[in-house]
Amino acid sequence: MSTDFLLTEEEQIFKKDIQAFFVENLEPLAAKIENEQGWNAIKACVGLVGKKGYLQDGLKPDGLVRQTLVHECASYTNYAFESTIATSLSCALPLDRHGMDTVKDTYLDKLINGQAIGAIAITEPNVGSDASGMETRITIDEKAGTCTINGFKRYISNAGVADLYIIYGITDNNVEPQKGMSAVIVPANTGGMSIPRTYNFMGRHGSVVGEVMLDNVTVPLENMLGAVNEGFRIMLGMFNFERILLGGSGLGVARRALEIALDHVQKRESFNQKLGSKQLIWDKIAQMRTRIDAAELITYRAARRYDQGVSGKHLMQDAAMAKMMATETAVFCANQTVQILGGDGLTREYGMAEQLYRDARAMPIVGGTNEMMAYLIAKSDLPEIELNL
Ligand SMILES: Cc1cc2nc3c(=O)[nH]c(=O)nc-3n(C[C@H](O)[C@H](O)[C@H](O)COP(=O)(O)OP(=O)(O)OC[C@H]3O[C@@H](n4cnc5c(N)ncnc54)[C@H](O)[C@@H]3O)c2cc1C
């Protein structure tokens with residue numbers, strides 16, 4: 001296995017331990033999460049994982065390989081759960097790096113101990129891949145020491161169940177959005193913030209994704225992350241981190257799909273022989289295994305570079321490749337597994353194949369679409385050419 005070459009002995013032991021932890025603690029809840037939209041089960045497990053210390057490595061300067069392993073193993077068991085902790089940590093990271101001590105003291109420990117849930121709000125009805133059209137406005141009142149937010153966000157993971165939100169908005173209309181954007185921490189109970197609706201997605205059952213309305217939401221100026229107008233840079237740093245974790249999510253789902261396929265082809269008979277003896281099946285298995293190993297190499301390499309101190313635009317290509325490769329591998333493997341299982345692959349009764357297929361489909365869209373990843377990857381190789389988006 002490529003893992004032996006990529007991970008230190010200590011990391012390999014850590015991976016085995018967390019895999020066992022999730023099998024023991026998350027697997028028994030997985031059916032409830034999937035079939036009953038079991039947010040409470042997710043929340044209970046966030047508490048357990050936090051208590052165990054599994055949400056802490058990602059914030060350490062050299063802890064992203066270990067954190068990525070946590071996400072890979074969580075996603076192997078249940079992607080909805082994993083997406084919840086990935087979002088929460090993607091909220092914790094900018095708070096840790098750019099938050100004022102007073103705000104950090106209130107929230108950071110709770111987030112990484114699993115006692116609080118975080119959310120990040122960038123996307124809006126008219127803003128998806130292109131964040132430059134952001135319509136949310138943040139008005140600063142220096143005298144009062146406050147900032148006031150007006151806007152509307154959609155597709156926000158953990159909306160309505162989060163304890164705090166990082167809201168991105170424009171603070172300076174007179175410059176390009178990249179130079180006039182800021183990021184503000186808004187606690188869940190702040191007046192003027194509401195959750196008009198939550199969505200009913202084809203996959204990720206149990207995780208909560210919704211809209212966030214911000215109607216004259218006023219918070220102290222100390223809730224601003226970094227300096228005023230520094231939001232875009234903060235967002236890019238967060239994206240590198242989130243996309244490497246998404247590499248882990250993709251790997252977990254892809255590995256699970258391959259295991260289900262391998263198990264099935266060794267049991268199922270067709271034309272008086274094991275399905276696993278057929279050449280066309282061997283090709284599917286070979287494609288899955290090769291892509292998983294390639295995704296693993298690229299994802300662990302990106303996490304390792306982060307741990308070695310590579311950051312910002314120097315990490316963007318690695319992070320985008322990890323996200324694109326691993327999430328496309330997840331979709332590919334889930335699809336192949338459904339095909340290999342035939343009718344069994346389509347039923348909810350047989351096992352997880354159909355759930356993996358539905359869950360994986362979100363991955364090339366969330367955290368920046370894979371089309372956007374392709375632009376970021378190619379841009380690093382074509383620095384002189386102006387890209388026409
Ligand atoms: C389950 C889920 C959870 C999410 N969680 C969060 C969250 O916590 N916080 C948050 O802020 N957002 C969140 N999002 C939003 C997510 O980041 C966006 O959906 C994503 O960035 C794409 O934006 P969009 O949906 O508006 O699609 P669009 O930007 O409208 O894109 C539609 C399609 O067009 C393609 N496209 C767009 N521009 C180009 C171009 N120039 N060239 C080629 N193709 C192009 C895209 O790749 C995509 O395939 C979540 C979304 C989902 C589905």
Side-chain angles (χ1 to χ4, degrees), residues 37 39 42 75 78-94 111 117-136 149 151-170 177 181 183-186 188 193 195 197-214 231-232 234-236 238-239 241-243 245-246 249-250 253 319-320 323-324 327-328 330-331 355 358-379 386-389:
Q37 297 277 359
W39 164 252
I42 289 186
S75 175
N78 185 271
Y79 171 49
F81 169 80
E82 187 279 332
S83 70
T84 304
I85 56 170
T87 304
S88 217
L89 274 187
S90 300
C91 171
L93 181 86
L111 279 177
I117 306 278
I120 325 148
I122 300 165
T123 308
E124 300 176 1
N126 295 318
V127 175
S129 302
D130 180 10
S132 68
M134 198 170 278
E135 290 169 1
T136 296
I149 311 165
F152 190 89
K153 301 287 183 181
R154 68 167 184 164
Y155 295 142
I156 305 308
S157 299
N158 298 341
V161 294
D163 298 279
L164 71 156
Y165 297 72
I166 296 180
I167 306 287
Y168 285 85
I170 301 295
M181 189 182 291
V184 176
I185 294 280
V186 178
M193 183 160 80
I195 311 298
R197 65 179 279 222
T198 54
Y199 299 95
N200 194 2
F201 284 120
M202 63 189 274
R204 296 194 0 162
H205 291 173
S207 70
V208 182
V209 183
E211 296 172 343
V212 180
M213 164 95 92
L214 301 133
F232 194 73
I234 292 171
M235 186 164 79
L236 292 188
M238 185 275 293
F239 272 147
F241 176 85
E242 187 191 21
R243 286 168 187 163
L245 292 186
L246 261 160
S249 326
V253 164
K323 195 268 172 176
M324 184 166 90
T327 59
E328 284 182 2
V331 173
Q355 182 192 335
R358 286 183 288 100
D359 279 353
R361 195 60 193 83
M363 291 179 169
I365 294 171
V366 300
T369 66
N370 282 5
E371 286 79 7
M372 295 304 118
M373 296 308 105
Y375 284 134
L376 293 174
I377 294 163
K379 178 70 188 157
E386 200 51 50
L387 182 61
N388 184 9
L389 280 175

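Ligands are counted one by one from 1 in listed order, and the atoms in each one are counted from 1 as well. Quick caveat: nothing in here was measured; it's all calculated off a predicted structure.
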Which pairs of nitrogen or oxygen atoms, taken one from ligand 1 and one from the protein, are under 3.5 angstrom apart?
unit_1   : atom_1 : unit_2 : atom_2 : d
ligand 1 : 5 (N)  : Y155   : O      : 3.0
ligand 1 : 5 (N)  : S157   : OG     : 2.8
ligand 1 : 8 (O)  : S157   : N      : 2.9
ligand 1 : 8 (O)  : S157   : OG     : 3.3
ligand 1 : 9 (N)  : I120   : O      : 2.8
ligand 1 : 11 (O) : I122   : N      : 2.8
ligand 1 : 11 (O) : T123   : N      : 2.9
ligand 1 : 11 (O) : T123   : OG1    : 3.1
ligand 1 : 12 (N) : T123   : OG1    : 2.6
ligand 1 : 12 (N) : Y155   : O      : 3.3
ligand 1 : 14 (N) : Y155   : O      : 3.0
ligand 1 : 29 (O) : S129   : N      : 2.8
ligand 1 : 29 (O) : S129   : OG     : 2.7
ligand 1 : 41 (N) : L389   : O      : 3.0
ligand 1 : 42 (N) : Y375   : OH     : 2.8
ligand 1 : 47 (O) : T369   : OG1    : 2.7
ligand 1 : 47 (O) : E371   : OE1    : 2.8

Revision key, fill the gap. Residues at least two apart in sequence or cross-chain that pass side-chain hydrogen bond (donor to acceptor under 3.5 Å, both in side chains) with D359, listed by chain then number, are Q355
**Study point:** Over 12 non-hydrogen atoms of neighbours within 6.0 angstrom of CZ in R358
**Key:** yes
Check your understanding: S129 versus E371: any side-chain heavy-atom pair under 4.5 Å?
Key -> no
Check your understanding: Considering residues at least two apart in sequence or located in another chain, which fulfil the side-chain hydrogen bond (donor to acceptor under 3.5 Å, both in side chains) criterion with E328?
Key -> N370
Check your understanding: Residues in side chain to side chain contact (heavy atoms under 4.5 Å, CB included) with M193, at least two apart?
Key -> Y165, V186, V212, L214, V217
Practice item. For residues Y168 and V127, determine if any side-chain heavy atom of one lies less than 4.5 Å from a side-chain heavy atom of the other. Key: no
